[in-house]
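Read the structure below first, then the notes.
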There are 2 protein chains.
Amino acid sequence: MAPPNRLLLIDDHRLFNDGLKSLLDAQPDLTVCGQVFTATDALSAVHRFHPQLVLLDINLQGTNGIDLGIQLIRQFTGLRVILLTMYNQPKLLEEARRAGLQGYLLKEATTDQLLTGIRTVLSGGTFFKLDDPESSPMNDPFNDDFARRLNLTFREVEIIRLICQGLSSEQIAEQLNLSIETIKTHRKNIYFKLNISKVADLIQFAIKQGL
Amino acid sequence: MAPPNRLLLIDDHRLFNDGLKSLLDAQPDLTVCGQVFTATDALSAVHRFHPQLVLLDINLQGTNGIDLGIQLIRQFTGLRVILLTMYNQPKLLEEARRAGLQGYLLKEATTDQLLTGIRTVLSGGTFFKLDDPESSPMNDPFNDDFARRLNLTFREVEIIRLICQGLSSEQIAEQLNLSIETIKTHRKNIYFKLNISKVADLIQFAIKQGL
DNA sequence: GAGGCAATACCACTTTTGTGGTATTTTGAA
DNA sequence: TTCAAAATACCACAAAAGTGGTATTGCCTC
């Protein structure tokens with residue numbers, strides 16, 4: 001039987017790392033040869049453990065996963081790198097792809113997705129996957145509960161989303177084929193319901209709801 | 001010897017849950033009697049396992065940890081509830097405290113903090129703890145790397161922070177004892193460096209940096 | 001000591017937000 | 001079918017934010 005593939009975890013979130021390690025070690029074809037918690041330890045760990053694949057978080061002390069990933073694949077030929085992050089952001093995924101990394105996976109991914117991604121990359125492919133809002137309503141930041149708690153209407157939630165994307169009232173009006181005045185009215189009502197008074201507050205609020 | 005305290009984990013983030021479970025089960029005085037991944041399963045699980053303590057995430061399908069926590073302590077007298085969340089937000093902590101929950105811990109907390117918090121609450125106390133930026137620079141969203149990559153100055157990072165907290169230019173000027181004009185100048189320079197043009201963009205940006 | 005950068009500050013002007021009204025139409029539930 | 005909520009829309013005015021300049025000071029480095 002072929003020896004299991006060696007994986008290295010680089011993530012300062014220890015508990016998550018531990019959970020991931022037990023999942024991976026339970027697979028006969030995979031073994032976690034080490035975990036490190038800081039970027040500074042990463043290079044020496046790759047030297048020491050010579051893994052086939054590195055799973056890399058984006059948030060690291062002193063640097064970030066993408067830069068570190070670039071450095072790793074440049075320095076260790078054949079080494080493959082998957083970004084493993086909580087950020088469900090197309091732009092970050094694209095950045096990772098452009099940087100030449102082999103994968104982008106969400107920490108919230110299902111076990112199946114994680115394993116599929118890892119095996120795909122190990123066998124020479126790439127695997128880039130964001131969260132599909134259709135298939136996992138629980139990751140929808142503006143879920144029913146959020147709206148219900150605050151008595152927000154459907155339209156209001158829709159407009160909150162667009163504001164949070166950085167659109168101006170004018171752009172929102174354009175996109176929804178409405179008058180700017182209508183958007184301003186909705187904005188007023190939203191601010192009243194949330195008891196806030198500025199875009200900044202709104203976005204802060206949206207973050208807290210789990211965007 | 002006293003039987004170990006029974007804990008129930010409620011969190012849809014399975015990997016994190018698994019990691020936490022192995023940590024807790026390794027403690028002689030603690031045992032994880034069950035883990036559930038949705039709020040709907042929570043009530044029946046508490047019935048089945050009658051834990052002393054519930055560790056509860058904020059983001060749950062169909063509801064949120066605070067509401068569920070309120071419901072749990074109302075329904076099961078003596079049951080203690082700790083919110084375990086990724087949100088390092090004073091307002092959420094306060095909400096949890098007002099709601100009568102017994103603790104608020106960050107998923108990024110150290111193992112020590114987690115165990116201390118759990119034991120404190122089990123022995124009848126409360127434990128509310130946010131991240132201390134002084135003691136854990138790695139959780140600082142605007143770390144060196146962020147500033148370096150974008151050529152932001154110290155002052156600029158400081159002002160980004162305040163903008164993201166929802167302060168107006170005037171309020172920032174007041175707080176830093178500067179002229180509004182100075183703040184506006186900094187704002188201009190920040191927007192130029194980040195290639196953006198609105199507060200909303202800035203906050204979006206800050207989120208991506210790991211706020 | 002010359003040059004560059006960071007931090008401060010001001011002016012003038014435009015655009016966008018935010019506030020406080022009012023009013024009409026659509027729609028769904030009782 | 002009637003009633004209330006939701007969605008639409010307008011007006012006017014105040015307050016911020018954003019844009020495009022310029023300018024001074026202090027500090028560090030070459």
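Labels below follow one simple rule: chain letters A, B, ... track the order of the sequence lines, proteins then strands, and each chain is numbered from 1.
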| said: Expressed as a whole number of angstroms, how long is the span from Ile183(B):CD1 to dA16(D):P? | reply: 15 Å

| message | Within the 4.5 Å heavy-atom criterion, are Lys21(A) and Leu9(A) side-chain neighbours or not? | response | yes

| request: Return the value, rounded to whole Å, for the distance between atom NZ of Lys184(B) and atom C1' of dA16(D). | output: 8 Å

Identify all pairs in which a protein N or O lies below 3.5 Å from an N or O of nucleotides 23-30 of chain D, and state each distance.
none

| query | Side-chain N or O of His186(A) less than 4.0 angstrom from OP1 or OP2 on dT8(D)? | reply | yes

| task | Quick one: label Ile180(A) by what it contacts on the DNA or RNA (base, sugar-phosphate, nothing), any heavy atom closer than 4.0 Å. | result | nothing

| If you measure from CG on Leu83(B) to CD on Gln102(B), what distance do you get to the nearest 0.5 Å? | 10.0 Å

| Got a sec, which pairs hit salt bridge (Lys or Arg N to Asp or Glu O under 4.0 Å) with one end in residues 185-206 of chain B, sequence neighbours left out? | Glu156(B)-Lys193(B)

| message | What I'd like to find out is whether the side chain of Val157(B) reaches to under 4.5 Å of the side chain of Thr153(B), using heavy atoms alone. | response | no

| task | Working to the nearest 0.5 Å, report the span between OG of Ser169(A) and CG of Leu162(A). | result | 10.5 Å

| request: Walking along DNA chain C from 5' to 3', note the first and the last nucleotide with an atom under 4.0 Å from a heavy atom of chain A, and give both. | output: dT16(C) to dG21(C)

| said: Once side-chain hydrogen bond (donor to acceptor under 3.5 Å, both in side chains) is applied, what residue pairs with a partner in residues 117-126 of chain B remain, sequence neighbours excluded? | reply: Gln27(B)-Arg119(B), Asp29(B)-Arg119(B)

| request: For Phe76(B), check ring pair (Phe, Tyr, Trp, His ring centres under 6.0 Å) against everything at least two apart and list the hits. | output: His47(B)

| request: Could you tell me whether the side chain of Lys198(B) has a donor or acceptor atom within less than 3.5 Å of a complementary atom in the base of dG18(D)? | output: no

| field | Pairwise distance CG(Leu105(A)) to CG(Leu56(A)) - rounded to 0.5 angstrom | value | 12.0 Å

| said: Quick check for you: to the nearest 0.5 Å, what is the distance between Glu174(A) atom CD and Glu170(A) atom CD? | reply: 6.5 Å

| message | Five pairs per end, C1' atoms only: what is the angle between the end axes of the helix from dG1(C)-dC30(D) to dA30(C)-dT1(D), to 10 degrees? | response | 50°

| request: Check the distance between dA17(D)'s P and Asp201(B)'s CG and give it to me in whole angstrom. | output: 15 Å

| task | Indicate, with a heavy-atom threshold strictly under 4.0 Å, whether Thr182(B) touches base, sugar-phosphate, or nothing. | result | base

| note | Comparing nearest nucleotides in DNA chain D, the 5'-proximal residue of the pair Ile159(A), Lys188(B) is Ile159(A)

| request: To the nearest Å, give me how far apart CZ (Phe192(A)) and P (dA5(D)) are. | output: 14 Å

| field | 5' precedence on DNA chain C between Glu181(B) and Phe154(B) (nearest-nucleotide basis) | value | Phe154(B)

| note | d(Asp11(A) CG, Leu20(A) CG) to nearest 0.5 Å is 8.5 Å

| remark: From CD1 of Ile190(A) across to P of dA7(D) the rounded distance in Å is 10 Å

| In Å and rounded to the nearest 0.5 Å, what is the CZ to CG distance from Arg155(A) to Leu178(A)? | 5.0 Å

| field | Lys/Arg cation over aromatic Phe128(B): Arg97(B), 6.0 Å, 45° cone | value | yes

| remark: Among the nucleotides dT8(D), dA12(D), dA17(D), whichever has the atom closest to the side chain of Arg187(B) is dA17(D)

| Quick one: on DNA chain C, does Ser197(A) or Arg155(B) contact a more 5' nucleotide (nearest heavy atom)? | Arg155(B)

| How is Glu170(B) classified with respect to the nucleic acid when contacts are heavy atoms under 4.0 Å: base, sugar-phosphate, or nothing? | sugar-phosphate

